[in-house]
Number of protein chains: 2
Amino acid sequence: MDSYIERINSFIKNLDKETLLALSNISSERKFKKGDLLLSENEICRKSYLILHGIARKYYLNDGKEVTTELYFENDLAVSFESYTLQQSSKEYIEALTDITVSITFYEAFQEAKIKYPKLLALDLMFAEYYGMWLENRLFQFHTMSATDRYLDLIKKSPHIVQFVPLTIIASYLGISLETLSRIRAKI
Amino acid sequence: MDSYIERINSFIKNLDKETLLALSNISSERKFKKGDLLLSENEICRKSYLILHGIARKYYLNDGKEVTTELYFENDLAVSFESYTLQQSSKEYIEALTDITVSITFYEAFQEAKIKYPKLLALDLMFAEYYGMWLENRLFQFHTMSATDRYLDLIKKSPHIVQFVPLTIIASYLGISLETLSRIRAKI
DNA sequence: ATTTTTATTTGACATAAGTCAAATTTCTTG
DNA sequence: CAAGAAATTTGACTTATGTCAAATAAAAAT
């Protein structure tokens, strides 16, 4: 399933010139500073953010408490999926955890481009499929793995994470309390 | 987000005749009996099953124990997403929980049709988007809700479920033990 | 209908993880 | 570098849920 990213990348690389140009014409680069919000609750997610450099996260508030749903690293695509797809107001925030550089693509422009360039439609489908598989895997972890195993899996896949992301955020990403995470780490 | 199904259905309804014909040409109806497996572990999921009538489920084995990942009712689309998308061998089973009637569409034929009829590509994207939103919602439940609340939510959305689906399966779908589910039900 | 099998409930106890408070460590910032 | 703020750890205790075994209840088969 990880190989799917490579398939997506090679698909992009092999796009014809017009399609590539169309894509780059509707994208632009921008920087954000640590702590900046790329998206807030109640806003409509009208842009997708491809992380070029740095770390970001997505979270929502559940009775006042932040619940982190995704961590973004280089080459990840950050959007609030439901808000972006339905163009409805978002329940989620997207926040820069470090200074970041992103490539922004507007929803509206991408929608139009997809009509003119069906390969972009195919690309969009690949992104959605990848996200679906990622979600299935994450669901599997919540469905069947203990907090300890979820943590171990996380640091196996992203060993560097602990240096850059505060434990509060990691705990909430794992769906456990900060104290439990601290105890898990103490045991290992 | 539930309204998205209506949007998909009206999208299908409004498809041009050729596209609709192409779609119906690669689909066929079939019946299965209660207990039949539509897909087994280690098979490649080469078909999608639109449930026309009856109930089915998807599950995998986790050290010998069945973990139900999805329950399918009328108009739901049953596939093992990762196996279908990557055309790799499946970790999941799909099983008829009652006698069912389904509309089968072959992966290969649908892939070809998508090239010729970009609207089918758009339709496929909508299916993937819907599944993504469904998964996000399910993840939200595991991430933040208690077993009791997950159960209450389930019977709110599918009140009939308890009459047709054994509690063992419901418990595994909710990610709790059969005994815990029994106690939750006793309290309410 | 009676038996056998399967599904569900109940009891007693074990374990994972949460909560609240306090202590300690680490990071910021003047 | 010192002082204050923020992040992390630790302790004591609570709560949710799991496990194993046994008891019922319901369904299927003879």
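Here the structure is a predicted model, which is why all the values come from computation and not from measurement. Each chain gets a letter, A, B and so on, in the order its sequence line appears, and its residues count up from 1.
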**Asked** Between A:K91 and B:E136, is the closest basic N to carboxylate O distance under 4.0 Å?
**Response** no
**Message:** With a 3.5 Å cut-off and heavy atoms only, can you find an N or O donor on one side and an acceptor on the other between the side chain of A:R185 and the base of D:dT10?
**Reply:** no
**Request:** Using a 4.5 Å cut-off on heavy atoms from C-beta on, say whether the side chain of A:M126 contacts that of A:Y130.
**Result:** no
**Asked** If we ignore angles and hydrogens, is there a donor and acceptor under 3.5 Å between the side chains of B:Y151 and B:R185?
**Response** yes
**Message:** What is the separation between atom CZ on B:F142 and atom P on C:dA16, rounded to the nearest whole Å?
**Reply:** 20 Å
**Asked** Within this structure, what is the NE2-to-C1' distance between B:H143 and C:dG18, rounded to whole angstrom?
**Response** 14 Å
**Request:** Find out whether the Lys NZ or Arg CZ of A:R138 is both under 6.0 angstrom from the six-membered ring centre of B:F142 and within 45° of the ring's axis.
**Result:** no
**Request:** Check whether any side-chain heavy atom of A:R7 sits under 4.5 Å from a side-chain heavy atom of B:L86, and report yes or no.
**Result:** yes
**Message:** By nearest heavy atom, map A:L167 and B:L181 onto DNA chain D; which one lands nearer the 5' end?
**Reply:** A:L167
**Request:** Let me know, please, whether B:E179 or A:K34 comes out on the 5' side of the other along DNA chain C by nearest nucleotide.
**Result:** B:E179
**Asked** For B:D149 and D:dA16, what is the distance between atoms CG and C1' respectively, to the nearest whole Å?
**Response** 12 Å
**Request:** Output the single nucleotide from D:dG18, C:dA17, D:dT8 whose closest atom is nearest the side chain of A:T148.
**Result:** C:dA17
**Message:** For a quick test of reading the model: is some side-chain N or O of A:S177 closer than 4.0 Å to OP1 or OP2 of C:dA17?
**Reply:** no
**Prompt:** For the pair made of CZ in B:F164 and P in C:dA7, what is the distance, rounded to whole Å?
**Reply:** 17 Å
**Message:** Could you tell me how far apart B:I170 (CD1) and C:dT8 (P) are, to the nearest whole angstrom?
**Reply:** 8 Å
**Message:** Is the phosphate of C:dA16 approached by A:T180 (side-chain N or O, under 4.0 Å from OP1 or OP2)?
**Reply:** no
**Side chain of A:S182 (C-beta onward), nearest among C:dG18, D:dT17, D:dT9** = D:dT9
**Request:** Starting at atom CG of A:L178, determine the distance to atom C1' of D:dT10, rounded to an integer number of angstrom.
**Result:** 12 Å
**Asked** Between atom CD1 in A:I169 and atom P in D:dA6, what is the gap in whole Å?
**Response** 15 Å
**Request:** Output the single nucleotide from C:dT8, D:dG18, C:dA17 whose closest atom is nearest the side chain of B:I176.
**Result:** D:dG18
**Asked** How many Å lie between CZ on B:R183 and C1' on D:dG18, as a whole number?
**Response** 9 Å
